[in-house]
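Scroll down for the structure; my scribbles are underneath it.
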Number of protein chains: 2
Amino acid sequence: MTGQVRTVDGRVAGRRGQATRQKLLDCLSEMLSSSPYRDVKVIDVARKAGTSPATFYQYFPDVEGAVLELAEDVAKEGSGMTELVAGRSWVGKSGWQTSEQLVEGFLDFWRRNDAILRVIDLGAAEGDKRFNKIRMKILNSVTGSLTESVKELQAKGKVDKDVSPAAVAGSLVVMLAGVASHQKGFTAWGVKQAELKPNLAQLVHLGITGKKPAK
Amino acid sequence: MTGQVRTVDGRVAGRRGQATRQKLLDCLSEMLSSSPYRDVKVIDVARKAGTSPATFYQYFPDVEGAVLELAEDVAKEGSGMTELVAGRSWVGKSGWQTSEQLVEGFLDFWRRNDAILRVIDLGAAEGDKRFNKIRMKILNSVTGSLTESVKELQAKGKVDKDVSPAAVAGSLVVMLAGVASHQKGFTAWGVKQAELKPNLAQLVHLGITGKKPAK
DNA sequence: TCGGTAAGCTGACGGCATGACAGGACAAGT
DNA sequence: ACTTGTCCTGTCATGCCGTCAGCTTACCGA
């Protein structure tokens, strides 16, 4: 799958090359955390990495290209979130636990990678197919599993037939993502960090099962 | 409230001035719809408006300054969304109707202004206080009303005491906003436009009242 | 040990956006 | 026609972009 890393002009990157490449990515990631995406300049990233702009262009076509690389990494990590839902129960107390752990895990993931996720979100919203694909990959890990959960509950007659599993799952995941990226908004809003998670978990449980959780 | 419009160097703008200023804003708005925020350049906006970059700088400190102006306009329009919730019933069939109309109105508003809302969202997520304030103003119109609704239901004993009205209201609104800005994602996801709205309405109703709606 | 070869890096350059300024164009009133 | 204040633009220094030729470094086989 992952062929060897190549420079823009087609050479294969060796040890040293991969190191500087990675350093550039790390610095870019830092910059994204500390300054608005719009203001991130190639020259700044290069300077921070102790190299020259020309070197940057040897490994990436432009800033966006490098960001896509970072995004792929995040996507890879995000795929692991399937485990937060897959094969878990949605009935009784364990159902409530599933819900809580999903919220916890998801928010945690988002907070860990918020800078890049912001950019992915923007790119996707602006209609960029590459960013959209990456965003899908990340959210799919959770949405896919959740959709399955709803379908199973429907099959057992525990959820109304007229709900669309994918629509509900997608909406809930988008909610989690939105809350995660605007947590500051909530605090400025009078909502304490501590009460946010349980309320989210409650909403998720309600949405998936249609019933209040048994705590 | 709205003092007279002023240029960057302090002069008051006359008729002609306000016209070109508005034209610049319109062109900027168009550009935001058609190309990524990061790539919107002053020179392009000016060209599109049939004027020079220098003129742009007479009315706005930079692109961001102009965007903030657009954002304020959107915020003003968004304030009207209070009516989608304020004073409406959440019981019985009218409760379901309230929920449906809220979803409908909110999605509509978001779609009408998606380009600027994207930028506001990004700015807010990046921690810019001005954008955060504007975002709050927009969302508050709905969240505030929803919070009141939940509080009332709580007072009547129809909703559990341990839910945080603000947390629930905020989360639901964020969900609506998220879904609105990534609708393409949902279709690519196998969810049809038509089934999205009722499912969202169901989630909103569930979240607010804790019960399935009576359709 | 010694080239040979490919990887790795950078100085330098034309091109373009930025943002500031001074001065010209224009409209309105006298 | 003259004045006044608004409005616009040509021009310029500055700084980033993206590319290329050419230099340095590392590896390898003879």
Side-chain angles (χ1 to χ4, degrees), chain A residues 2-28 30-32 34-70 119 123, chain B residues 2-32 34-70 119 123 128:
Chain A
T2 52
Q4 67 240 94
V5 183
R6 286 187 175 275
T7 59
V8 168
D9 57 336
R11 287 200 304 260
V12 289
R15 264 191 203 83
R16 192 153 66 116
Q18 295 208 24
T20 51
R21 192 187 134 98
Q22 191 53 50
K23 187 162 196 175
L24 284 168
L25 283 177
D26 292 344
C27 291
L28 171 59
E30 264 190 72
M31 300 232 79
L32 284 175
S34 61
S35 56
Y37 178 45
R38 196 167 200 278
D39 296 343
V40 171
K41 309 290 180 195
V42 169
I43 199 170
D44 296 322
V45 177
R47 259 201 285 263
K48 199 179 180 83
T51 180
S52 79
T55 301
F56 181 96
Y57 287 106
Q58 209 161 36
Y59 296 104
F60 309 103
D62 50 25
V63 174
E64 197 179 282
V67 169
L68 277 167
E69 197 83 6
L70 287 174
V119 182
Chain B
T2 52
Q4 68 235 98
V5 182
R6 287 188 175 275
T7 59
V8 167
D9 55 338
R11 285 200 305 262
V12 289
R15 265 192 203 82
R16 193 153 66 114
Q18 294 207 24
T20 50
R21 193 187 134 96
Q22 191 55 49
K23 186 162 196 174
L24 285 168
L25 283 176
D26 293 343
C27 291
L28 171 59
S29 182
E30 264 189 71
M31 301 231 79
L32 284 176
S34 60
S35 54
Y37 177 47
R38 197 167 197 280
D39 297 343
V40 171
K41 308 289 179 195
V42 169
I43 198 171
D44 297 322
V45 178
R47 258 202 287 264
K48 197 178 181 82
T51 180
S52 80
T55 301
F56 181 95
Y57 287 107
Q58 207 159 37
Y59 295 105
F60 309 102
D62 50 24
V63 174
E64 197 178 281
V67 168
L68 276 167
E69 197 84 7
L70 287 173
V119 182
D128 187 300

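Note that the coordinates shown come from a computational prediction; the quantities given were computed from them, not determined experimentally.
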For nucleotides 23-30 of chain C, list the nitrogen or oxygen atoms of the protein found under 3.5 Å from its nitrogen or oxygen atoms, one pair per line.
none

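You'll find the side chain of B:Leu68 stays beyond 4.5 Å of the side chain of B:Phe60, heavy atoms only. Contact annotation: the side chain of A:Val12 approaches that of A:Arg6 to within less than 4.5 Å [non-hydrogen atoms, C-beta and beyond].
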Note to self: So if I define the base as every atom that isn't primed, P, OP1 or OP2, how would nucleotides 13-18 of chain D read as a B/S/- string at a heavy-atom cutoff under 4.0 Å?
What the structure shows: ---SSB

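Taking atom CZ of residue B:Arg38 and atom P of nucleotide C:dA17, one finds them 15 Å apart after rounding to whole Å. Atoms CD (A:Gln22) and P (C:dG8) sit 14 Å apart, rounded to a whole Å. For the pair B:Met31 CE and C:dA17 P, the interatomic distance rounds to 12 Å; values are reported in whole Å. Rounded to an integer number of Å, the gap from CZ of A:Phe60 to P of C:dC9 is 12 Å. Atom NZ in A:Lys23 sits roughly 11 Å away from atom P in C:dC9 (whole-Å rounding). Straight-line distance from the CZ atom of A:Phe56 to the C1' atom of D:dC20: 18 Å, rounded to whole Å.
Ionic pairing of B:Arg21 and B:Glu69 is present here: one or more N-O contacts between side-chain nitrogen and carboxylate oxygen are shorter than 4.0 angstrom.
Every residue meeting the side-chain contact (heavy atoms from CB on, under 4.5 Å) condition with A:Arg47, not counting sequence neighbours, appears here in chain and number order: A:Ile43, A:Asp44. Residues meeting the salt bridge (Lys or Arg N to Asp or Glu O under 4.0 Å) test with A:Arg16, sequence neighbours left out: none. Under the side-chain contact (heavy atoms from CB on, under 4.5 Å) criterion, B:Glu30 pairs with B:Lys48, not counting sequence neighbours. Every residue two or more places apart in sequence or in another chain was checked for a ring-ring contact (aromatic ring centres under 6.0 Å, His included) with B:Tyr37, and none qualifies.
Using a 4.0 Å cut-off, some side-chain N or O of B:Thr51 falls inside it from OP1 or OP2 of D:dT9. One finds no side-chain N or O of A:Thr20 lying less than 4.0 angstrom from the OP1 or OP2 phosphate oxygen of C:dG8.
Considering B:Leu25, B:Asp62, B:Leu32 in turn, B:Leu32 is the only one that fulfils the side-chain contact (heavy atoms from CB on, under 4.5 Å) rule with B:Val67.
Of all nucleotides listed (D:dC8, C:dT10, D:dT9), C:dT10 comes nearest to the side chain of A:Thr55. Ranking D:dC7, C:dT10, C:dA7 by closeness to the B:Tyr59 side chain, first place goes to D:dC7.
Looking only at distances, no side-chain donor or acceptor of B:Ser35 sits under 3.5 Å from a matching main-chain atom of B:Asp39.
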